[in-house]
Amino acid sequence: MTQLICSRRDLAFLLYEWLGVERLTERARFADHSRETFDAALDIAERIATDLFATHNRKSDLNEPTFDGQRVHLVPEIKQALDAFRDAGLMAAEHDEALGGMQLPVVVAKALFAYFKGSNVATAGYAMLTVGNANLLLAHGTPAQIDAFVRPQLAGRFFGTMCLSEPQAGSSLSDISTRAEYEGESPLGPQYRLTGNKMWISAGEHDLAENIVHLVLAKIPAPDGRTIPGVKGISLFVVPKFMVSVEGDGPASRATAGERNDVVLAGLNHKMGYRGTTNCLLNFGEGRFRPGGARGAIGYLVGEAGRGLAAMFHMMNEARIGVGLGAAMLGYGGYLHSLDYARTRPQGRPIGPAGKDAAQPQIPIIEHADVKRMLLAQKAYAEGALALNLLCASLVDDEHTALAEDERRNATLLLDILTPVAKSWPSQWCVEGNSLAIQVLGGYGYTRDYAVEQFYRDNRLNAIHEGTHGIQALDLLGRKVVMQDGAALTLLGSWMEQTIRQAGQASHEDTRRWAGMLTERVQRVSEVTRRAWSAGDPARTLANATAYLEAFGHVVLAWIWLDQSLAAAKNYREEDSDFYHGKWQACRYFFVHELPKVDAWLDLVAALDTTTMDMRKEWF
């Protein structure tokens, strides 16, 4: 079962042979760790994911959450799995020891989480949102809010959510209408009463924990009762399902859930995939519950009034990388399941004279060239996407713990430009990988008797939530590549050029050729970026932003594959030759079959084509 979730050999290669995470133990924060402690944590994650998460993945898909008007019902295995996750201390894997954490590097913590994303992405979603919620409050909350909400979340006693969208305002957060009326000061900060509705709230209602901590975007009205239009009027509030009282402070504090707050479930959304995660329409201030004797959900201001969206982006950016990791692991699972099937499924005979003898036994389908094509594509997508997300996690470590200030600053810049790619590329191409996994299984892949169809359904969400594919494209071309006069794009290009120089000096002819191919596309991306912004019209510049994102993402992944191929050559051992040859062949596939796609996408962007802009709604 484990090898159908993730290849431990590949994970070890990415962590130790490619990223060199052992070097992090030289930094003070991770001085108590070693490869042995990293591997021990991976062993725990692998065991819990295999024994408790993967085992109910199908059951929670077939038995989605139900609501009887009073409470939500889930299959019991979800709570059992999350309790084991909590008891192992994994909720706080990357956090300070003072917060009860393991103080692991973020890159190792994300590698642990990869097992849970790959084994059961829906159940893992509760933990992902909780950790993200806690991290935002650590960055923007007060000490009192940390004691009340963060410590119990990292202990796994409380779970968390993020509440942004509303029925009338999905991605357009400037149009939210939830209101927050100031009520007075409290030990947990300025206290407000919230009224409004929030839609698409993952993990918004359940009985898996003692409490649910909602992070809610809302607008504070002016004295005349009107709210400020646009994002400048948005503030952030922490709104618990149950009111919280705290005894003590700091590590000795203890938060206790008490009176019910005025937050209620209006209904559940019924999804194509991710079915084990409740997805909710929540009503704030409906009046069913009256905390403190009054209507309205009590919330506490987080950070500055009017700066809520900026604070929420702390969680959103983390969630986007988390979505990318989930997409990568769903692609990985589809790849491993279809690979296992292809090794054992006999069908057909070889092309040529030998295949014309019907008396000869059929061969496993993995021996057919077209099946190898589909498996190679999946391998390139899944292993490349996992590498991309672990690279981003390692940049988070550098951002916070690198000794040199310029290294920390560069890590922040690189994260800024890579985050839309880390979210969107796996969400686009690992879904394509899932489609190929179904194709490898043929008719069987289209049935519920095999896992690959669920991987596809689960993964289809990832190009939608936490910022759609198109929004990531607008963010990349509209902001990230031009911010600070293109500083992030220039830095990323120089990082790629280091790999290209090494590859250009390689002994293998293919590697040198790949270096040349990548050089051409890196230069072309820079040229086309300048060309797109020469239009003098932002609407025209951004009309083909999605094509730009596709091209940019493929160039990034080509670079990652080239860098992996160099690591494979450096660490090659004859006794493990099949693994390393697999890496080189996946790299070869990407450069021969995938990288050439970049040219057509960039041609479209460079042409400043207005086909989509010129289309009138009446013509559809």
Side-chain angles (χ1 to χ4, degrees), residues 1-10 50 54-55 57-58 61-62 118-119 273 328-385 429-460 508-510 561 565 568 574-597:
M1 170 68 79
T2 300
Q3 289 303 312
L4 295 180
I5 298 172
C6 181
S7 164
R8 182 65 178 267
R9 178 66 187 90
D10 186 34
T50 303
T55 48
N57 191 40
R58 175 60 79 185
D61 178 67
L62 296 176
S119 60
M329 295 313 300
L330 288 166
Y332 215 130
Y335 162 57
L336 293 176
H337 277 76
S338 63
L339 174 62
D340 182 65
Y341 181 89
R343 291 187 191 281
T344 58
R345 169 65 170 169
Q347 192 76 36
R349 294 173 179 82
I351 294 175
K356 295 182 179 180
D357 184 358
Q360 294 298 313
Q362 297 187 84
I363 60 174
I365 62 172
I366 197 170
E367 296 184 30
H368 296 302
D370 195 54
V371 173
K372 291 180 183 180
R373 172 190 65 82
M374 292 187 284
L375 292 171
L376 259 175
Q378 291 181 71
K379 180 180 176 72
Y381 299 155
E383 292 183 9
W429 292 95
C430 288
V431 172
E432 176 61 23
N434 290 139
S435 179
L436 291 172
I438 293 172
Q439 192 70 24
V440 169
L441 271 68
Y444 290 108
Y446 197 62
T447 70
R448 292 189 178 181
D449 298 320
Y450 290 83
V452 290
E453 64 87 25
Q454 184 184 342
F455 292 142
Y456 180 91
R457 288 187 289 105
D458 286 345
N459 215 353
R460 188 59 188 84
H508 201 287
E509 181 182 353
D510 279 349
W561 269 114
S565 77
E574 187 61 37
E575 64 270 21
D576 206 7
S577 61
D578 286 344
F579 174 81
Y580 293 110
H581 281 289
K583 282 292 181 186
W584 288 324
Q585 200 69 4
C587 182
R588 177 184 176 187
Y589 172 87
F590 202 90
F591 273 81
V592 173
H593 288 257
E594 296 292 332
L595 188 58
K597 296 175 181 177

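Every heavy atom of this structure was used, including side-chain atoms; hydrogens, water molecules and symmetry mates were not.
- Distance check, rounded to the nearest 0.5 Å: OH of Tyr580 to CD of Glu575 gives 8.0 Å.
- Here the side chains of His508 and Trp584 are not in contact, with every heavy-atom distance at 4.5 Å or above.
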Inset, instruction - Determine, stepwise, if the pair Tyr341 / Ile365 fulfils side chain to side chain contact (heavy atoms under 4.5 Å, CB included). - result: CA-CA 9 Å; Tyr341 181 89; Ile365 62 172; 4.0 Å; yes

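- In this structure, His368 contributes its side chain and Asp370 its backbone to no donor-acceptor pair below 3.5 Å.
- A donor-acceptor pair under 3.5 Å is absent between the side-chain atoms of Trp561 and the main chain of Ala586, judged by distance alone.
- If you take CD on Gln378 and CG on Asn434, they are separated by 7.5 Å, rounding to the nearest 0.5 Å.
- Shown here for Ile5 and Met329, the closest heavy-atom pair between the two residues is O-CE, 3.6 Å.
- For the pair Arg58 (side chain) and Tyr450 (backbone), a donor-acceptor distance under 3.5 Å is present.
- Distance check: Leu441 CG to Leu436 CG gives 12.0 Å after rounding to the nearest 0.5 Å.
- Tyr335 and Tyr332 have tilted rings, their planes meeting at an angle from 30° to 60° on a 0 to 90° scale.
- The shortest distance between side-chain heavy atoms of Ile366 and Leu339 falls below 4.5 Å.
- The distance from the NE2 atom of His581 to the CG atom of Asp576 is 10.5 Å, given to the nearest 0.5 Å.
- Relative orientation of the Tyr381 and Trp429 rings is tilted, given thresholds of 30° and 60° on the angle between their planes.
- Shown here for Ala568 and Lys583, the closest heavy-atom pair between the two residues is CB-CB, 4.3 Å.
- If you take CG on Asn459 and OG on Ser435, they are separated by 11.5 Å, rounding to the nearest 0.5 Å.
- Looking only at side-chain heavy atoms (C-beta outward), Cys430 and Leu330 stay at 4.5 Å or farther from each other.
- Here the shortest heavy-atom pairing between Gln454 and Asp61 reads NE2-CB, 3.5 Å.
- Scanning all heavy atoms of the two residues, the minimum distance from Ala328 to Ala385 falls at CB-CB, 3.6 Å.
- Every residue two or more places apart in sequence or in another chain that forms a side chain to side chain contact (heavy atoms under 4.5 Å, CB included) with Gln439 is listed here: Met374.
- In this structure a side-chain-to-backbone donor-acceptor pair under 3.5 Å is present from Arg349 to Ala358.
- Counting non-hydrogen atoms of other residues, nucleotides and ligands closer than 6.0 Å to CZ of Arg457 gives a total above 12.
- Ring orientation note: the planes of His337 and Phe455 are nearly perpendicular, at an angle over 60° on the 30°/60° scale.
- Atoms NZ and NZ, from Lys372 and Lys379 in turn, are 14.0 Å apart once rounded to the nearest 0.5 Å.
- Across Thr55 and Thr50, no two heavy atoms sit closer than the pair CG2-O, 3.7 Å.
- Contact detail for Leu375 and Ser338: the closest heavy-atom pair is CD2-OG, 3.6 Å.
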